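What follows is a short report on a single structure.
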Amino acid sequence: MRILVTGGAGFIGSNYVHQLLADGDDERVVNLDLLTYAGNLANLEAVADDGRYRFVRGDIRDRELVRGLLTDERIDAVVHFAAESHVDRSVEGPEVFVSTNVLGTEILLEEARGAGVGRFVMVSTDEVYGSLGETGLFTEQTPLAPNSPYAASKAAADLLCRAFHHTFDFPVLVTRCSNNYGPYQFPEKLIPLMIANALEDKPLPVYGDGLNVRDWLYVGDHCRAVDRVLRAGRPGGIYNVGGCNEMKNLELVEIIVDRLGKSRDLITFVEDRPGHDRRYAIDAELIMSELDWAPTVDFASGIDHTVQWYLDNRAWWETIRSGAYRDYYDQMYGDGGRHDAGPAT
Ligand code: NAD
Ligand code: TDX
């Protein structure tokens, strides 16, 4: 297959590109990525010279570029990861989320349809469902109720995919996955932020009471799910993907601190994220039964591997944290920052 991956220089996209090339069955993998603050070619150094792989720096909103790539490269399938992906940033500035996540997806859909692309996988998120109470799971039938500007922009893109299938019979497939963790995750997200801060003996900012629940899935398992959907999913199908691994944020941060042999005194309760979703949990029965997918990495080994990766690749995250990311970090957590509310009482 000849595959266009969008956002392949980001966290999940780069893991997916590695997986595609390691599996070795595809003729061509083209990675279209704008290299925003979150895109990092260092993630793909090991495959840069692979003859089956091509990197193109560009914007999914650049219609001419997208059209040219789809036809010149005779693309069979699009796997669409490119997005603005961080909830906190969407609270600070929603516009780019609408532009990239909604308009960018629409342009890709339209051009892919025009070019006769045979499969289009939209990497959506469980956040489109909103928040759960103490019990219950999101199924594919749960009504969409996105709460953050990020989630709303992903829900809009997700629904555009539905519309392109319904209206044009375009073969779109949608995955809605829970929180990922693993190598190459940008150190603004909970797990890499906590690992990096702990290694530098900096405070570990836990939002609110720390009792919000996320369902953590190892990134390689998410990539295998996306690939199963790409190759065997039903056109028009929507597939939840999850780790059956619910955990409270505080519990998770304590595990990381303990694994690193650091003091739990580093944990600092800070002002909550506005509109913070309380709990996510996924019912992944459909992809398990229909596509024979299941998580393969249990949380204990996944988090050990992840912590070890950040220990072994200190230069990777130190470079990021010393650059432009620094300004954002200071704004969010520095003196007078929104989250700098001091310890909870
Ligand atoms: P990320 O922020 O690490 O990577 C996003 C990538 O998209 C970056 O390489 C960036 O340069 C690129 N990009 C951004 N705007 C672009 C544009 N206009 N044109 C081309 N490239 C652009 O994100 P991630 O965590 O790897 O998430 C990937 C996808 O998976 C996103 O669609 C996200 O919504 C979804 N998702 C993520 C998670 C998670 O836990 N991280 C869970 C479920 C779904
Ligand atoms: O410093 C922090 N302190 C903290 O308590 C950060 C960065 C986060 N948190 C909390 C907020 C969430 O409850 O940890 C939880 C996880 O936060 P994030 O890593 O920002 O992820 P989340 O908001 O759950 O969204 C992620 O999963 C779904 C991805 O970023 C999305 O792209 C994906 O769609």
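First listed ligand is number 1; within each ligand, the first listed atom is number 1. Throughout, residue positions are numbered sequentially from 1 according to the sequence presented. In this text, all values refer to a predicted model and were calculated from it rather than measured experimentally.
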Close N or O approach (Asn249, ligand 2; < 3.5 Å): yes
Leu190, Asp126, Asp277: member with heavy atom nearest to atom 19 (O) of ligand 2: Leu190
Polar contact flag for Pro205 and ligand 2 (N/O pairs, less than 3.5 Å): yes
Any residue meeting side chain to side chain contact (heavy atoms under 4.5 Å, CB included) with Ala281, in chain and number order, not counting sequence neighbours: Leu132, Leu137, Glu246, Arg279
Arg214 N/O under 3.5 Å from ligand 2 N/O: yes
Ligand 2 N/O within reach of Asp88 N/O, cut-off under 3.5 Å: no
Contact check: Arg273 vs ligand 2, nitrogen or oxygen atoms, below 3.5 angstrom: yes
Salt bridge present between Arg54 and Glu73 (N-O < 4.0 angstrom): yes
Sub-4.0 Å heavy-atom environment of ligand 1, residues by chain: Gly7, Ala9, Gly10, Phe11, Ile12, Asp33, Leu34, Leu35, Thr36, Ala38, Gly39, Gly58, Asp59, Ile60, Arg61, Phe81, Ala82, Ala83, Ser85, Thr100, Val123, Ser124, Thr125, Tyr150, Lys154, Cys177, Ser178, Asn179, Asn180
Aromatic Phe170 / basic Arg113 pairing, under 6.0 angstrom, 45° off normal: no
Heteroatom proximity flag, Asn212 to ligand 2, N/O under 3.5 Å: no
Ligand 2 to Asn179 polar contact by distance, N or O atoms, under 3.5 Å: yes
Thr125, any N or O under 3.5 Å of ligand 2 N or O: yes
Centroid-centroid under 6.0 Å between Tyr184 and Trp309 rings: yes
Whether Lys154 lies under 4.0 Å from ligand 2, heavy atom: no
Gly8 backbone acceptor or donor facing Asn31 side chain under 3.5 Å: yes
Six-ring centre of Tyr16, Arg224 cation under 6.0 angstrom, axis tolerance 45°: no
Close-contact set for ligand 2 against Val87 heavy atoms, below 4.0 Å: 23 (O)
Carboxylate-amine/guanidinium contact Glu106 Arg63, below 4.0 Å: yes
Lys NZ or Arg CZ of Arg214 over Tyr280 ring: under 6.0 Å, within 45°: yes
Which atom of Arg278 lies closest to which atom of Ser131, heavy atoms considered: N-OG, 2.8 Å
Tyr280-ligand 2 polar pair, N/O distance under 3.5 Å: no
